[in-house]
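Order of listing sets the numbers, starting from 1, for every ligand and every atom in it.
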Amino acid sequence: MEIKKGIAVSPGIAIAKALVIDSEDYRIPRRTIMPSQRQVEIKKVRLAFKHAITEVNTLEAAQSDVKESNIKDIFAVHLRFLRDKSLRTKITDLIESDHYTAEFAVSTTLRDIASHFSRIKDPYISERAADIYDIERRLLKHLLGKKREEAAHITEEVVVVAHELSPTQTAGFDKSFVKGMATDAGGRTSHTAIVARSLGIPAVVALEDVTANIHGGDTVIIDGNRGVVILNPDEETILQHEAYALEFSRLEHELDSIKDLAAVTRDNVKIELLGNIEFPDEAQMVVAKGGQGIGLYRTEFLYLYSENEPTEEDHYEAYAQTVKALGNKPVIIRTLDLGADKYTQSKRFVPETNPQLGLRSIRFCLQNLMMFKTQLRAILRASVLGDVRLMFPLITSLQELRQAKMILRDVMEDLDEYGLPYNHNIPIGMMVETPAAALMASTFAREVSFFSIGTNDLIQYTLAVDRGNERVSSLYSAADPAVLRLVRTVVQDAYKAQIDVKVCGEMASEPEYIMLLIGMGVRSFSLAPPMLPEIKQIVRSVTAESCNQIARKVLTMNSERQIINYLRDATRKILPEVF
Ligand code: PEP
Ligand code: MG
């Protein structure tokens, strides 16, 4: 039995056999083999190259009708690399000398070459780095094909254990069989964590080396409440955790009973509790958990379902399904927030050195207008089906917001021309998730109908801490006084301008921050659906007046530690079972 400590990102207890999967988008773990296995691994490499060459030949042949295309050139480059004997020798030499697995030898060799290329000034050569990553993925697909298939076609209950799970992989799981997730990497607000929480799957991340210590089929306990993973537990530990799991679901049921009660404080201040979703079928869960609408629909997850770009109809169907599930309740559709860890790094785009500061979100949309307009058309068409509102992510400058609104107007004119109906007064809001937007909130407030504070990114950019990097996760905190001051500024500016302000980052799902945020003046929260009853319970147990006092006190404090301890104490008094 081995106990490993990580970060708890999604509550609950899971006990099941491990399905260990390697990742398509991240570095393959460094694993070695017995010396006697070397020839087997070398043969695997040869076969992977052979299959990859046949595949690219077929793809190239299929392009024969395309006259003015550089797709053929791309395939030619891939074939040249794949046929290069010295590349294959480099890989097999690594297996011979260092006893690496075929997949690690392939991955490390190609990534070395790619990073060497990307440092070269000549753009023609540096852009070849993307081709090398593509070739790496193709080879790994052949090397790991079987294991991937297992991940996609799970037929029994498992806990998924991986170095890192990309949002694409998480989206592809059969959710009815995945009972828990554990990863070496990741942080509290990484997108995998967000998806796990939304789906109500217990998850622990930042375990550092869990994949190196586990074999597929081992029994694993995932304790998503305490951030603990237990490998090969003994009988007594299993029994003990089965009892915890029962107690946890009893508490959940108890909380569910308040789902139809109003979200109102003891001194009668109404609070709006909305749900965050990534997939249309989660809309039902928001309703079932007593949510008053959808405060954040992360539409970019539509891109993670398939290899192809979604069509306008794909967008429309997803939005229509969501809006219909909500009846007359509001649905805030956020426009594509692709980039950073979502989609662009692993697809046909050149990997960026610093993706969180790169071409992501609204910036990506403003440079990919066809894609952006396709989505806007679909949102507008869906706006006649219910209370649809539109929100732009990661707005940093006024110019960016105005540009996005101008494109929206273009799309409206298009729809007018075709006589397609839409809500001409659709409310337009923006996420406040960069310090720049928070500091300029009073200016932005004149140009939008609502703000939604994205604390996940706001913390990342304020504290210069990558939200998905486990090595700096102890520095990532919503309780940092700098973050709280920015939140207060945004709320105050929204009030002065008389526009609505919500909090939709994970901070709104964390019980210890609710009283503080109410005290700062926030009256609307959007959170992971499974957390709705617990947060409502807190709202119903406090008075706005006591929240004001807490906020006043916290805003005099300068230390993150002092603030978080104070907030936890205050919450424990209200809801002792939380901590
Ligand atoms: C946020 O940044 O807080 C947010 C809600 O957006 P996302 O987590 O999708 O980046
Ligand atoms: Mg964000």
Side-chain angles (χ1 to χ4, degrees), residues 9-10 166-168 170-171 186-199 205 274-279 282 286 294-304 332-345 355-365 375 389-396 400 404 429-438 441 450-469 473 476-480 483-484 486-487 490-491 501-510 513 517 522 524-529 531:
V9 293
S10 180
S166 69
T168 319
T170 326
R188 198 167 161 71
T189 59
S190 57
H191 285 94
T192 302
I194 289 170
V195 171
R197 208 164 321 152
S198 280
L199 298 173
V205 302
L274 309 161
N276 291 349
I277 63 165
E278 286 76 37
F279 309 103
E282 288 172 86
V286 174
I294 306 249
L296 169 64
Y297 178 0
R298 292 183 164 100
T299 56
E300 57 279 4
F301 278 74
L302 205 59
Y303 281 70
L304 307 174
I332 300 182
I333 303 182
R334 178 176 76 180
T335 61
L336 297 168
D337 190 26
L338 294 168
D341 65 341
K342 285 181 279 193
Y343 186 74
T344 54
Q345 302 304 307
Q356 297 288 358
L357 301 181
L359 188 61
R360 63 168 291 207
S361 202
I362 194 73
R363 304 166 184 182
F364 182 81
C365 288
Q375 173 176 42
R389 306 172 192 182
L390 189 147
M391 175 161 76
F392 295 120
L394 205 81
I395 294 291
T396 308
E400 221 166 35
M430 63 176 260
M431 303 263 312
V432 180
E433 48 184 348
T434 62
F450 64 92
F451 283 154
S452 193
I453 305 179
T455 50
N456 305 339
D457 278 315
L458 186 61
I459 299 167
Q460 149 164 281
Y461 295 126
T462 305
L463 304 179
V465 178
D466 180 343
R467 61 193 265 189
N469 184 340
S473 61
Y476 183 96
S477 171
D480 191 284
V483 173
L484 297 181
L486 287 177
V487 172
V490 179
V491 177
V501 57
K502 304 173 190 307
V503 173
C504 69
E506 298 309 296
M507 188 180 183
S509 303
E510 293 180 19
Y513 294 113
L517 290 169
V522 178
S524 177
F525 298 84
S526 190
L527 44 132
M531 294 302 293

What residues form a salt bridge (Lys or Arg N to Asp or Glu O under 4.0 Å) with Glu506, not counting sequence neighbours? Arg197, Arg298

For Asp337, atoms of ligand 1 separated by under 4.0 Å from a heavy atom: 9 (O), 10 (O)

So if I count the atoms of ligand 1 from 1 in the order they appear, which ones are less than 4.0 Å from some heavy atom of Ile194? 8 (O)

Stepwise side chain to side chain contact (heavy atoms under 4.5 Å, CB included) test for Leu486 and Leu458: CA-CA 9 Å; Leu486 287 177; Leu458 186 61; 4.2 Å; yes

Is the closest heavy atom of Arg334 to ligand 1 under 4.0 Å? yes

Using side-chain heavy atoms (C-beta onward) and a distance below 4.5 Å, is Arg360 in contact with Asp337? yes

Report the atom name of the nearest N/O/S atom of Asp457 relative to the Mg ion (ligand 2). OD2

pair Val465-Ile459: side-chain heavy atoms closer than 4.5 Å: no

Would you indicate whether the side-chain heavy atoms of Glu433 and Tyr461 approach each other to under 4.5 Å? no

Those atoms of ligand 1 less than 4.0 Å from some heavy atom in Met431: 4 (C), 5 (C), 6 (O)

Ignoring angles and geometry beyond distance, decide whether Glu300 reaches within less than 3.5 Å of ligand 1 through its nitrogen or oxygen atoms. no

For ligand 1, which atoms have a heavy atom of Arg467 less than 4.0 angstrom away? 2 (O), 7 (P), 8 (O), 10 (O)

Give a yes or no on whether the backbone of Arg467 and the side-chain of Gln460 come within a donor-acceptor separation of less than 3.5 Å. yes

Ranking Met507, Glu278, Gln460, Arg298 by closest non-hydrogen atom to atom 5 (C) of ligand 1, top hit is Arg298

In Glu433, what N, O or S atom is nearest to the Mg ion (ligand 2), if we give its atom name? OE1

Using a strict cut-off of 4.0 Å, indicate which atoms of ligand 1 neighbour a heavy atom of Gly505. 3 (O), 5 (C)

Number the atoms of ligand 1 from 1 as they appear, then name those within less than 4.0 Å of a heavy atom of Cys504, with their elements. 5 (C)

Would you indicate whether the side-chain heavy atoms of Val491 and Ile453 approach each other to under 4.5 Å? yes

Quick one: which ligand 1 atoms are inside 4.0 Å of a heavy atom on Leu296? 5 (C)

Can Val503 and Tyr513 be said to form a side chain to side chain contact (heavy atoms under 4.5 Å, CB included), step by step? CA-CA 11 Å; Val503 173; Tyr513 294 113; over 6 Å; no

Using a strict 4.0 Å cut-off to heavy atoms of Glu433, name the atoms of ligand 1 that fall inside it. 1 (C), 2 (O), 4 (C), 6 (O)

Testing the 3.5 Å rule here: is there a donor-acceptor pair between the side chains of Ser524 and Lys502? yes

